[in-house]
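I have placed the structure first, in the form of structure tokens, so that the comments after it can refer back to it.
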Amino acid sequence: MTSQKGAKIQPVRGTQDILPDKTPSFRHIENKALEIAERYGFQEISTPLIEFTEVFTRTLGDTSDIVTKEMYTFNDLSGETITLRPEGTAGVARAFLSNGLAQNLPLKVFYSGPMFRYERPQKGRRRQFKQVGIELIGIEGSQADIEVISLGNHFLRELGLEDSFTIELNSLGDPDSRSDYKKALLEYLSAHKKNLSPNSIKRLEKNPLRILDSKDKEDQKITADAPLISNSLNDKSKKFFEEIRNGLEKLNISYVINERLVRGLDYYNHTAFEFVSQSLGAQGALLAGGRYDGLIKQMGGPDTPGIGWAAGIERLEMLLEDFPKKRRPISIIPGDSSLNEKASIISNDLRQLGYTIDFAYSGNMKKRLKNSNKVNACACIILDKEAVKDGNCIVRDMDRGEQILIDSNNLSYHLKKYK
RNA sequence: GCGGGAGUAGCUUAGCUGGUUAAAGCACCUGCUUGUGGUGCAGGGGAGCGGGGGUUCGAAUCCCCUCUCUCGCCCCA
């Protein structure tokens with residue numbers, strides 16, 4: 001417990017409140033993602049925020065950073081070991097098995113929601129963060145990869161970010177190619193072991209592929225001449241990769257090959273991709289994913305191929321400059337409290353008709369009008385005693401500052417232009 | 001987990017080689033405006049300086065610890 005006496009109460013480190021000025025853009029991103037995913041035939045799935053810890057340790061591997069140091073894991077009251085999900089794929093894979101969905105392939109799902117990782121917060125990196133993601137399970141062919149990448153591209157373009165990212169693409173090949181490459185790389189790197197950074201020496205045993213994208217200058221000098229994975233791909237893998245590249249080109253989706261783009265986890269194979277922004281600092285990956293043909297099997301299910309990606313909503317939000325503005329409300333101002341009931345009834349009627357009505361709850365006329373201004377009302381309905389007595393009310397246009405007397409029964413007709 | 005920078009009213013900041021009641025802009029409130037906004041003018045409220053502990057006659061200003069944010073490493077979306 002680290003909250004401090006005498007200090008203002010704070011949110012838990014790495015978490016944030018998203019206030020009403022920001023929620024529209026977050027919602028916009030989630031809506032767009034779902035909308036585009038649906039156009040590609042994906043349907044929404046919602047899996048629990050908590051899973052048995054095993055779900056993640058078995059899929060992510062015991063040595064991955066996520067499992068070894070980033071999971072929020074605790075025992076619940078019955079002693080079960082529970083983990084707050086650090087990513088979305090494992091939960092979907094689990095749901096796939098739990099619900100016997102192997103009978104109905106392919107499974108094409110979209111998800112959206114918070115993830116939790118115990119990391120050091122940074123720009124674009126929080127302990128609780130939101131992702132949207134998709135998984136396409138059950139298709140072996142490259143058309144799946146093409147559609148999944150195309151969908152990611154489509155989504156970001158739809159957000160107006162077409163100039164904000166580049167797509168990096170690589171192939172790790174099938175398990176044979178990959179293990180050949182690992183051997184070749186290990187041989188090469190071992191010869192240079194003494195010049196590698198301490199971090200990379202550790203990685204040599206745990207995860208040699210990761211050394212390829214080390215940011216250490218010395219490491220980079222060494223890896224500059226390292227064997228390339230493209231040279232280790234067998235014919236089958238080469239052909240597969242070629243199909244994907246060709247498919248993307250046919251769709252005019254531009255990408256760059258990044259031979260250093262690797263995935264750390266063992267079940268990844270073939271396609272790996274990252275949509276990267278230059279303007280977010282060190283945490284530039286906006287959307288990333290790859291093919292995980294080994295995952296379902298590793299969880300104890302049938303050997304089922306899969307591919308997917310996830311995108312960080314906070315990171316996308318930081319790049320969003322503007323998005324559709326909120327609809328301007330019409331505010332309703334009862335001249336005094338005796339007119340509240342009347343105002344309430346009119347509000348109700350108009351809301352039923354689809355108008356956005358902001359009720360001016362209190363204060364004198366000046367205060368209430370000021371409030372109307374603050375909520376950016378396009379018009380005000382003012383009820384004063386005299387007007388109401390004759391069955392009228394005043395409609396004030398807030399942009400022009402002009403107001404007219406309207407028969408209450410015809411209100412909706414006169415307000416049409418503000419809808 | 002490791003290293004650099006920062007933390008002063010709701011927000012953005014000034015002040016920080018220690019010394020009277022901590023300053024400004026924005027926001028907020030009141031009045032000019034007599035039931036009516038947005039501009040202008042005049043007033044006003046609001047922080048004891050992230051938290052804790054030291055040094056000192058005296059600390060927002062110096063020292064230590066700690067929390068949070070931030071930049072980078074690790075890793076990832």
Side-chain angles (χ1 to χ4, degrees), chain A residues 1-16 19 21 29 60 63-70 86-89 112 114-127 129-133 152 156 165 197-200 202-203 206-207 210 213-217 219 261-265 273-277 280-290 308-318 331 333-336 339 360 363-377 379-380 382-386 394 396-403:
Chain A
M1 187 62 185
T2 49
S3 68
Q4 297 165 293
K5 260 185 286 184
K8 219 183 276 185
I9 190 155
Q10 290 177 331
V12 172
R13 181 175 204 186
T15 67
Q16 66 175 338
L19 300 178
D21 63 326
I29 291 167
L60 302 172
T63 57
S64 70
D65 272 52
I66 291 184
V67 169
T68 54
K69 54 180 205 193
E70 296 178 0
E87 57 97 39
T89 306
S112 143
M115 306 293 167
F116 305 83
R117 305 224 273 242
Y118 189 85
E119 294 185 279
R120 181 83 173 255
Q122 230 177 285
K123 180 175 186 170
R125 188 167 79 188
R126 308 201 168 256
R127 290 185 171 178
F129 59 102
K130 289 181 157 193
Q131 287 189 335
V132 290
L156 296 199
F165 67 91
S197 66
N199 261 325
S200 288
K202 260 182 251 161
R203 285 188 279 220
K206 227 173 73 180
N207 206 342
R210 281 245 84 96
D213 58 8
S214 169
K215 282 168 192 164
D216 184 274
K217 291 253 162 51
D219 287 353
L261 176 60
V262 295
R263 305 264 103 187
L265 311 174
F273 55 89
E274 238 169 64
F275 292 43
V276 185
S277 158
L280 289 182
Q283 258 54 54
L286 298 175
L287 181 155
W309 52 249
I313 298 184
E314 286 83 356
R315 292 183 187 179
L316 294 173
E317 201 278 334
M318 288 190 280
S331 63
I333 302 180
D336 63 65
L339 293 162
N364 56 28
M365 188 55 64
K366 184 190 175 93
K367 236 181 177 168
R368 298 194 201 206
L369 264 166
K370 208 165 186 171
N371 184 259
S372 307
N373 209 53
K374 207 162 64 184
V375 299
N376 193 220
C380 276
I382 300 169
L383 303 182
D384 76 10
K385 269 204 177 109
E386 272 187 40
I394 299 162
R396 180 178 181 83
D397 183 299
M398 293 301 279
D399 291 330
R400 288 183 299 173
E402 294 163 4
Q403 55 190 45

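Reminder, nothing fancy here: chain letters follow the sequence lines and each chain counts from 1.
- Taking atom P in both B/G45 and B/U8, the straight-line distance is 23 Å, to the nearest Å.
- One finds the OG atom of A/Ser214 at 4.5 Å from the CZ atom of A/Arg203 (value rounded to the nearest 0.5 Å).
- Checked by atom type and distance alone, the side chain of A/Arg126 never pairs as donor or acceptor with a backbone atom of A/Pro121 at under 3.5 Å.
- Counting non-hydrogen atoms under 4.0 angstrom, A/Phe275 reaches nothing in the nucleic acid.
- When rounded to the nearest whole Å, the span between CG of A/Leu261 and C1' of B/A77 equals 13 Å.
- Backbone-only contact: A/Gly14 has heavy atoms under 4.0 Å from sugar-phosphate atoms and none from a base.
- Distances shorter than 4.0 Å separate none of the side-chain N or O atoms of A/Arg126 from OP1 or OP2 on B/U68.
- Atom-to-atom, CD of A/Glu119 to P of B/C73 comes out at 13 Å; the value is rounded to the nearest Å.
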Heavy-atom protein contacts under 4.0 Å, nucleotides 25-30 of chain B, coded B base, S sugar-phosphate only, - none: -----S

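- Nucleic acid contact for A/Asp384: none, since no nucleic acid atom lies under 4.0 Å from a heavy atom of the residue.
- Base orientation for B/G48: syn, the chi torsion being within 90° of 0.
- In this structure, A/Arg396 does not reach the B/U36 phosphate: none of its side-chain N or O atoms is under 4.0 Å from OP1 or OP2.
- Formation of a donor-acceptor pair under 3.5 Å by the A/Asn371 side chain with backbone atoms of A/Ala360 is not found in this model.
- Side-chain contact between A/Ser200 and A/Arg210 is absent, with no heavy-atom pair separated by less than 4.5 Å.
- Residue A/Glu274 is out of contact with every strand shown, counting any heavy-atom pair closer than 4.0 Å.
- Straight-line distance from the NZ atom of A/Lys123 to the C1' atom of B/U68: 18 Å, rounded to whole Å.
- At the heavy-atom level, A/Glu70 lies under 4.0 Å from the strands shown only through sugar-phosphate atoms.
- With C1' as the reference atom, B/G15 and B/G52 are 24 Å apart, rounded to whole Å.
- Heavy atoms of A/Arg13 sit under 4.0 angstrom from primed sugar atoms or phosphate atoms, though from no base atom.
- A/Ile29 contributes atom CD1, which lies 8.5 Å from atom CD of A/Glu314 (distance to the nearest 0.5 angstrom).
- Side-chain to base pairing of A/Asn373 with B/G37: one donor and one acceptor N or O lie within less than 3.5 Å of each other.
- Between the C1' atoms of B/A77 and B/G4, the separation comes to 25 Å (whole Å).
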Close N or O pairs between protein and nucleotides 4-11 of chain B (under 3.5 Å):
none

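- If you take atom C1' in B/A27 and the same atom in B/G10, they sit 7 Å apart, rounded to whole Å.
- Atom-to-atom, CZ of A/Arg400 to C1' of B/G37 comes out at 16 Å; the value is rounded to the nearest Å.
- Residue A/Met398 is in base contact, counting any heavy-atom pair closer than 4.0 Å across all strands shown.
- With contacts defined as side-chain heavy-atom distances shorter than 4.5 Å, the pair A/Gln16/A/Pro11 does not qualify.
- The CD1 atom of A/Ile394 sits 10.0 Å away from atom CD1 of A/Ile333, with the distance rounded to the nearest 0.5 Å.
- Between B/A77, B/U36, B/C71, one nucleotide has an atom nearer to the side chain of A/Ile382 than all others, and that is B/U36.
- A salt bridge does not link A/Glu402 with A/Arg396: every distance from a Lys NZ or Arg NE/NH1/NH2 to an Asp or Glu carboxylate oxygen is 4.0 Å or more.
- With a 6.0 Å cutoff to the six-membered ring centre and a 45° limit on the axis angle, A/Arg127 counts as a cation-pi contact of A/Tyr118.
- Within the 4.0 angstrom heavy-atom criterion, no nucleotide atom of any strand lies near A/Gly289.
- The side chain of A/Gln122 places an N or O atom within less than 4.0 Å of a non-bridging phosphate oxygen (OP1 or OP2) of B/G72.
- Between A/Ile394 atom CD1 and B/G35 atom P there is a gap of 12 Å when expressed in whole angstrom units.
- Nucleotides B/C26 and B/G38 place their P atoms 15 Å apart, quoted to the nearest Å.
- No side-chain heavy atom of A/Lys370 sits under 4.5 Å from any side-chain heavy atom of A/Lys367.
- Note: CD (A/Glu386) to P (B/U36) measures 15 Å, nearest angstrom.
- Going from atom CG of A/Leu369 over to atom P of B/U34 covers 14 Å, rounded to whole Å.
- Between B/C29 and B/G1, the two C1' atoms lie 49 Å apart (nearest whole Å).
- Pair assignment for B/G58 gives none, since no Watson-Crick or G-U wobble pairing has each distance under 3.5 Å.
- A/Asp336 comes within contact range of at least one nucleobase, with a heavy-atom separation under 4.0 Å.
- Nucleotide B/A6 forms a Watson-Crick or G-U wobble pair with B/U68, both donor-acceptor distances falling under 3.5 Å.
- Here the straight-line distance linking atom CE of A/Met318 with atom CG of A/Leu316 works out to 9.0 Å at 0.5 Å rounding.
- Taking atom P on both B/G40 and B/A22, the two are 30 Å apart, rounded to the nearest angstrom.
- A donor-acceptor contact shorter than 3.5 Å is absent between the side chain of A/Arg315 and the backbone of A/Leu286.
- On the P atoms, B/U21 is 14 Å away from B/C49, given to the nearest whole Å.
- Considering only side-chain N and O atoms, A/Arg203 lies under 4.0 angstrom from the phosphate OP1 or OP2 of B/C75.
- Put simply, the side chain of A/Glu87 gets close to the backbone of A/Thr89: a donor and an acceptor are under 3.5 Å apart.
- For A/Arg368, no side-chain nitrogen or oxygen approaches OP1 or OP2 of B/G37 to under 4.0 Å.
- Across all strands, A/Gly133 comes closer than 4.0 Å to no nucleic acid atom at all (heavy-atom distances).
- Per the geometry, OH belonging to A/Tyr118 stands 20 Å off P belonging to B/A77, to the nearest Å.
- In this structure, B/G37 forms no base pair with any nucleotide, since neither Watson-Crick nor G-U wobble geometry is met with both distances under 3.5 Å.
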